Amino acid sequence: MKSGAKTMKIIAYNSRVDEEEFFVKFSRKYNVEILRCALSPDLENANLAKGCECVSVVTTEINAELIKKFHETGVRFISTRTVGFEHIDLDAAKKTGIQVDNITYSTSSVSEYTVMLILMTLRRAKLITERSNVQDNSLIGIRGKELRNMTVGVIGTGKIGCAVIQNLSGFGCKVIAYNRSQREDLKNFCEYVCLETLYKKSDVITVHIPATQENLHLINHDTIQQMKDGVIIINTSRGSLIDTAALIKGIEEKKIGGIALDVIEGENTFAYRDTKGEPILNREYLVLKSFPNVIITPHTAFYTDQAISDMVENSVRSCVEFIKKKSPSL
Ligand code: COI
């Protein structure tokens, strides 16, 4: 930045206490001023972005009305500190001329968590800990399975799916994968197959694809019927990929042997909040959660120190790059 030039200002909405040290660190590194706002952006607080061409957001809905409002306050760039960007109305942004960008962060955060959920499900960790908590240390019903004896089906071989496959390579299991396009460098670690084969052959299925209209309820009653009896289903991607009602039926009918979900449809009724003492308005979540062979966590697979640092840094950098491209002399 040339001397005398004004310091660039970014507003970060939904700024959490645990992100603070990183906002401070990266505002210094990139020489920008970052206004931190704990609130989710809405029509009332969009004015706080006045003087900031760039805003950083997370997963709350950024709809056409809010985009228009941001544009009126002078915002020209929205960076989401997330990989997923389905919460942002991209058409509306394009129409108003606001540019939108997402970020990436340490793939180990989600891939290691996925492997952890696979192992927890195979080893019946929920039942073991629940029983242990009430001093029931009996063995009946908690016998596990070894991952090396499993065929794991990975749907989606983007950054996270790829990291999951590489992590699994140390366990000696067979890995099959489905993706529209195939990565040559992964072929030492997995065999690409069609979806039908993946459903038919996998003991464990894990999904790593983005939420789109096209893959809404990719895993549903019909696809579950194509799977092996006792199949284990893992989802650390997006809730909309799986029809929750079909999972409940699959568990009740013992077609499915175990489930671990870090994401579930309607998760905003409980995720990231302390809802003790409140009614949870998501019956399917409550039913599913009650099964001893179902583990549900509140969308925390991403949540590591490295990933949070990456999210903040990459969002700040993305804003800086936008401004630099617009005004190359800065
Ligand atoms: C993403 O980055 O897309 C995630 O799923 C994590 C987010 C909920 C913070």
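Both counts, for ligands and for their atoms, begin at 1 and track the order of listing. One-based numbering along the sequence shown. Since the model is a prediction, treat every value here as computed from it, not as a measurement. Atom set for the values below is all heavy atoms of this structure, side chains included, hydrogens, waters and symmetry mates excluded.
- Put simply, part of Thr59 is less than 4.0 Å from ligand 1, judged by heavy atoms.
- Using modelled atom types and a 3.5 Å distance limit, the side chains of Asn167 and Ser111 yield a donor-acceptor pair.
- The pair Glu321-Lys325 does not meet the salt-bridge criterion, since no charged nitrogen lies less than 4.0 angstrom from a carboxylate oxygen.
- Using a 4.0 Å cut-off to heavy atoms of Val83, the atoms of ligand 1 that qualify are 1 (C), 2 (O), 3 (O).
- Put simply, the residue from Lys326, Lys9, Arg76, Lys324 that forms a salt bridge (charged side-chain N to carboxylate O under 4.0 Å, His left out) with Glu53 is Lys326.
- Salt bridge status for Glu265 with Arg238: absent, with no side-chain N to carboxylate O gap under 4.0 Å.
- Nearest protein neighbour of atom 4 (C) of ligand 1, counting heavy atoms only, is Tyr105 OH, 3.4 Å.
- Between Glu253 and Lys255 there is no salt bridge, since no side-chain N of the basic residue sits under 4.0 Å from a carboxylate O of the acidic one.
- Each of the following atoms of ligand 1 lies closer than 4.0 Å to a heavy atom of Gly84: 1 (C), 3 (O).
- With ligand atoms numbered from 1 in the order given, ligand 1 contributes 1 (C), 3 (O), 4 (C), 5 (O) to contacts under 4.0 Å with heavy atoms of Arg238.
- Protein heavy atom at the shortest distance from atom 7 (C) of ligand 1 is Thr82 CG2, 3.8 Å.
- A salt bridge is defined here as a Lys NZ or Arg NE, NH1 or NH2 lying under 4.0 Å from an Asp or Glu carboxylate O, and Lys200 with Glu196 fails to meet this definition.
- In this structure, a donor-acceptor pair under 3.5 Å is present between the side chains of Thr236 and Thr114.
- Close approach to His299 involves these atoms of ligand 1, each under 4.0 Å from a residue heavy atom: 4 (C), 5 (O), 6 (C), 8 (C).
- Annotation for ligand 1: atoms under 4.0 Å from non-hydrogen atoms of Tyr272 are 8 (C).
- Atom numbering of ligand 1 starts at 1 in the shown order; those under 4.0 Å from a heavy atom of Met311 are 9 (C).
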